[in-house]
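For the numbers below, each heavy atom of this structure counts, side chains included, while hydrogens, waters and symmetry mates do not.
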Amino acid sequence: MTREEQLYEAFVEAADTLVDDFDVIDFLHTLAERCVHLLGVDAAGLMLADQHGTLHATAASSENARLLELFELQTDAGPCLDAFHTGTAVVNADLRANHERWPRFAEAAEANGFIAVHALPLRLRDTVIGALNLLSAGPLSDADTRAGQALADVATIGILAQRNIHQAELLTIQLQTALHSRVTIEQAKGMLAERLQISVDEAFNLLRQHARSRNLRLSDLARDVALGSTAAIQPVSGT
Amino acid sequence: MLAWGREKTAVALEDAQFSLGQGPGPNAVTDGAPVLEPDLALAEAVARYPAFTPAAANLRVRAVFAFPLRIGAISVGVLTAHRTVPGPLTVAQLADALALADAVTVLLLHQDPRRSQANGASRKQPRPGLTQPATHRAQVHQATGMISVQLGVSLAEALVRLRARAYARTDSSTTSPMTWWLGDCASTHQTPDHPEPPPPCSRASGEHTWRCAA
């Protein structure tokens, strides 16, 4: 698939957000994966703000514990927080030059082999609801930056996923619910990891595969696993 | 079970929702999301709650706002607020209500009356540090899931034990009290320090009802 075709596909997926069985966390994971393929970055993550303006890691291109930690480190200081507060993109920030600006994040990101970082605001009109974070070993071109912002806009559409979202209260509730879905997924990952003696990363992949193969919403499946009301999920061979 | 009600209307409203099995409160628990009904006289509201709206009207209640008390899949109940005049919450009021719901969730989690009975009266107040909001850090929730499987307890019980133990084992100067402890637990699938045996009764969810008059 060409890059244009892949971009089209990402937009078509966004149109699916209006269907009833849409699952926002699953959608954001797919989008984060697409960012990596389309923009030539090494990792992508989405952070959403709660009602206090605190950012939370909501989806990532890979459910790697160290990567999630990198996103969470930005709760206090980091490119996502800057993009969230200013509403403007942070592009091609060199980690080596930003140790004072983002002490904990810059150090941890460098230790993981990243060199450049980018954060694109997730905006709905005048409101910023979070940021799309991109980590790479090299700079992002202008075309990549534009494509990245288009994907960030797609993410915003997906998160809102509701036709009457212009009401501020609905936006607050939608974000709150997405964050609780994410917590439920973490709880289910922990339970599965312990039960099957696998890593939490593997547990997430298992949950997602199971949800897809049975046409279940990821959040519903996670809740059923967490509440113990689903049949045992078995490891899939070859994963 | 009603945990706290401030005045007669709130108690009667909760009784109506409970006995009819219908209303913003039960819906908030089922959906796991806040339910805001700024005007119960609207046709949509009457259609949604055909039995509850007349009961609310008898109590002169015109607006009801219900907030689930949850941390992911852990549900400890619902916080219900009402008004005698119609109208939506402001954005600031909504943010306050969500913050209050978070705080109440943590308090209720640490104040399970059955656990207090089982372990003596010492659990009536959360220990210092435990009144902080439940963290959103992914590792905490993963570890909660692991501990619940290891010990065969509910997620709520697992989270209470995790928080109590993490705070007990770190001094207040540590910036992130859970981090080192979680590191062990999550990477090895082991509970580093075997906690006390499970309590005699397991927790059911959604049994507390909190309410306040807005």
Going by an N to O cut-off under 4.0 Å, is there a salt bridge joining A/D76 and A/R104?
-> yes
Distance-only side-chain donor-acceptor flag, A/S213 / A/R208, under 3.5 Å = no
For residues A/H99 and A/E110, is any side-chain donor paired with an opposing acceptor at under 3.5 Å?
-> yes
Donor-acceptor side-chain pairing of A/H118 and A/N133 below 3.5 angstrom = no
May I ask you to name which of B/G145, B/P88, B/P68 has the most heavy-atom pairs under 4.5 Å with chain A?
-> B/G145
Portion of A/Q176 that has a non-hydrogen atom of chain B nearer than 4.5 angstrom = side chain
With a 4.5 angstrom heavy-atom cut-off, could you sort out which part of B/L98 is near chain A: side chain, backbone, both or neither?
-> both
